[in-house]
Amino acid sequence: MAKIGFIITAGGVGKRMGTELPKQFINLCGRPILIHTLERIYKACPQGEFVVVLPNQWISTWNKLYSEYQCNVPHSVVVGGDERFHSVKNGIIALKDAEYIAVHDGVRPLVTLELIESLIYSAETNGCAIPTIKPVDSMRRLSETGENSPVDRNRFVMVQTPQIFRSEWLRKAYDCDYTANFTDDASVVEAAGYRITLVEGDRKNIKITTAEDLLLAETFINAENNKINE
């Protein structure tokens with residue numbers, strides 16, 4: 001397998017979760033969310049190189065939790081930037097000789113081995129791989145004046161992480177200035193002229209943003225544990 005570097009972004013401050021503690025450190029079934037995420041990816045790709053990107057003021061908290069919960073995933077920690085773009089850019093600089101680079105949200109702790117393997121295969125074939133899922137609810141478009149109209153949901157997909165790219169693609173793409181149009185890594189790479197390849201994602205690969213998301217993640221993890229113990 002190719003050498004893969006994983007950048008795990010964990011720059012959230014918990015505003016939408018409504019907690020003082022950033023959501024990546026909140027307890028989920030007995031362990032902080034970020035530890036769940038890091039351990040899952042490591043289990044799927046133990047030969048990878050791992051970089052965790054954190055706000056400077058929360059690095060000491062992470063180091064304490066990492067030790068307290070006896071997490072044994074080798075990784076480096078770098079300071080994040082003003083925007084996610086800058087955080088990922090700092091993570092790219094910290095990686096050494098990865099042939100492919102995957103960028104993953106630190107608050108997506110339910111990523112599976114099967115999804116990671118599917119993304120790696122597609123990236124090795126096409127240069128990149130972006131997991132997406134189809135929306136199930138009806139959708140409407142809002143105008144700047146507040147008017148709304150229906151849209152065909154079959155023409156849209158919702159984007160997840162990890163997003164995986166050839167290292168040279170991602171490094172070249174991030175050698176630019178930030179713009180508000182950069183909503184994720186795929187948008188940065190696409191702006192550099194590369195074609196984006198979509199891969200079927202996983203509905204359980206949720207991003208924990210609200211208290212309701214936390215409850216849903218607990219349900220999924222408990223179901224996994226019960227299945228293992230059967």
Side-chain angles (χ1 to χ4, degrees), residues 6-46 48 50-55 58 61-73 75 77 80 84 87-88 91 102-120 129-137 157-164 183-185 199-230:
F6 290 88
I7 299 171
I8 300 176
T9 59
V13 295
K15 290 182 179 179
R16 283 177 286 183
M17 184 67 74
T19 61
E20 293 184 7
L21 189 68
K23 56 191 175 183
Q24 60 267 30
F25 302 137
I26 292 175
N27 192 288
L28 170 62
C29 295
R31 296 175 77 75
I33 290 172
L34 184 54
I35 288 182
H36 277 285
T37 303
L38 186 59
E39 289 179 336
R40 283 231 180 188
I41 295 179
Y42 180 69
K43 185 177 181 180
C45 199
F50 300 88
V51 173
V52 174
V53 187
L54 289 163
W58 290 104
T61 299
W62 166 246
N63 291 335
K64 181 180 178 181
L65 291 172
Y66 181 85
S67 176
E68 178 182 344
Y69 287 90
Q70 299 180 349
C71 183
N72 296 311
V73 179
H75 69 285
V77 176
R84 185 180 184 278
S87 295
V88 173
V103 186
H104 187 56
D105 298 322
V107 290
R108 289 188 189 268
L110 295 168
V111 61
T112 64
L113 168 64
E114 291 76 17
L115 178 58
I116 291 174
E117 288 181 338
S118 174
L119 292 167
I120 291 174
I130 313 302
T132 65
I133 58 173
K134 295 180 179 180
V136 295
D137 296 323
V157 292
M158 298 184 292
V159 177
Q160 300 180 325
T161 67
Q163 300 182 6
I164 304 182
T183 57
D184 64 355
D185 306 292
V199 173
E200 184 175 357
D202 182 352
R203 293 196 178 276
K204 292 182 180 179
N205 182 31
I206 62 172
K207 183 178 182 181
I208 298 180
T209 304
T210 66
E212 291 78 13
D213 297 330
L214 189 62
L215 291 173
L216 184 57
E218 289 177 349
T219 299
F220 287 147
I221 288 178
N222 287 332
E224 287 180 356
N225 292 336
N226 290 336
K227 186 175 181 179
I228 292 172
N229 295 327
E230 286 179 353

| task | Salt-bridge test for Arg84 and Asp184: reply yes if a basic N is under 4.0 Å from a carboxylate O, no otherwise. | result | no
| Closest heavy-atom pair and its distance - Val73, Tyr66 | O-OH, 2.8 Å
| said: Could you check whether any side-chain heavy atom of Asp202 comes within less than 4.5 Å of a side-chain heavy atom of Glu114, counting everything from C-beta outward? | reply: no
| field | Donor-acceptor contact present, side-chain Gln24 to main-chain Ala10, <3.5 Å | value | yes
| field | Side-chain heavy atoms of Leu34 within contact of Leu54, under 4.5 Å | value | yes
| Minimum heavy-atom distance Asn222-Cys29, with the two atoms named | OD1-SG, 3.9 Å
| said: Would the distance check show the side chain of Arg203 and the main-chain N or O of Lys134 forming a donor-acceptor pair, the cut-off being under 3.5 Å? | reply: yes
| request: Would you list the pairs meeting side-chain hydrogen bond (donor to acceptor under 3.5 Å, both in side chains) in which at least one residue belongs to residues 25-43, sequence neighbours left out? | output: Arg31-Glu39, Arg40-Glu224
| query | Quick check: does any side chain N or O of Thr219 sit under 3.5 Å from a backbone N or O of Leu215, one acting as donor and the other as acceptor? | reply | yes
| field | Flag side-chain contact, heavy atom, 4.5 Å: Val107 against Thr209 | value | no
| What heavy-atom pair brings Pro131 and Leu115 nearest, and what distance separates the two atoms? | CB-CD1, 4.3 Å
| Would one find more than 12 heavy atoms of other residues, nucleotides or ligands at under 6.0 Å from atom CD of Glu200? | no
| said: Thr61: which residues meet the side chain to side chain contact (heavy atoms under 4.5 Å, CB included) condition with it, sequence neighbours left out? | reply: Phe25, Trp58, Leu65
| query | Looking only at heavy atoms, which two atoms of Asn205 and Thr161 are closest? And how far apart? | reply | ND2-O, 2.7 Å
| said: With side chain to side chain contact (heavy atoms under 4.5 Å, CB included) as the test, pick out the partner of Val103 among Val51, Ile164, Val88. | reply: Val88
| Got Asp185 and Ile7 here, is their nearest side-chain heavy-atom distance under 4.5 Å? | no
| query | If we only count heavy atoms from C-beta on, is the Trp62 to Ile35 side-chain gap below 4.5 Å? | reply | yes
| query | When rounded to the nearest 0.5 angstrom, what distance separates CD1 in Ile208 from CD1 in Ile26? | reply | 8.5 Å
| request: Could you grab the distance from atom NZ of Lys207 to atom CE of Met158, nearest 0.5 Å is fine? | output: 13.0 Å
| Within the distance-only criterion (no hydrogens, no angle test), does the side chain of Gln70 pair as donor or acceptor with the backbone N or O of Ser67 below 3.5 angstrom? | no
| said: Between Leu110 and Ile221, is there a side-chain heavy-atom distance shorter than 4.5 Å? | reply: yes
| query | So which heavy atom on Pro162 is nearest to which on Leu119, and how close? | reply | O-CD1, 3.3 Å
| said: Within the 4.5 Å heavy-atom criterion, are Thr112 and Lys204 side-chain neighbours or not? | reply: no
| Asp105 and Thr9: side-chain contact (heavy atoms from CB on, under 4.5 Å), yes or no, with the steps? | CA-CA 5 Å; Asp105 298 322; Thr9 59; 3.8 Å; yes
| message | Using side-chain heavy atoms (C-beta onward) and a distance below 4.5 Å, is Val53 in contact with Ile8? | response | no
| task | Identify the two heavy atoms, one from Gly106 and one from Ile33, that lie closest to each other, and give their separation to 0.1 Å. | result | O-CG2, 3.7 Å
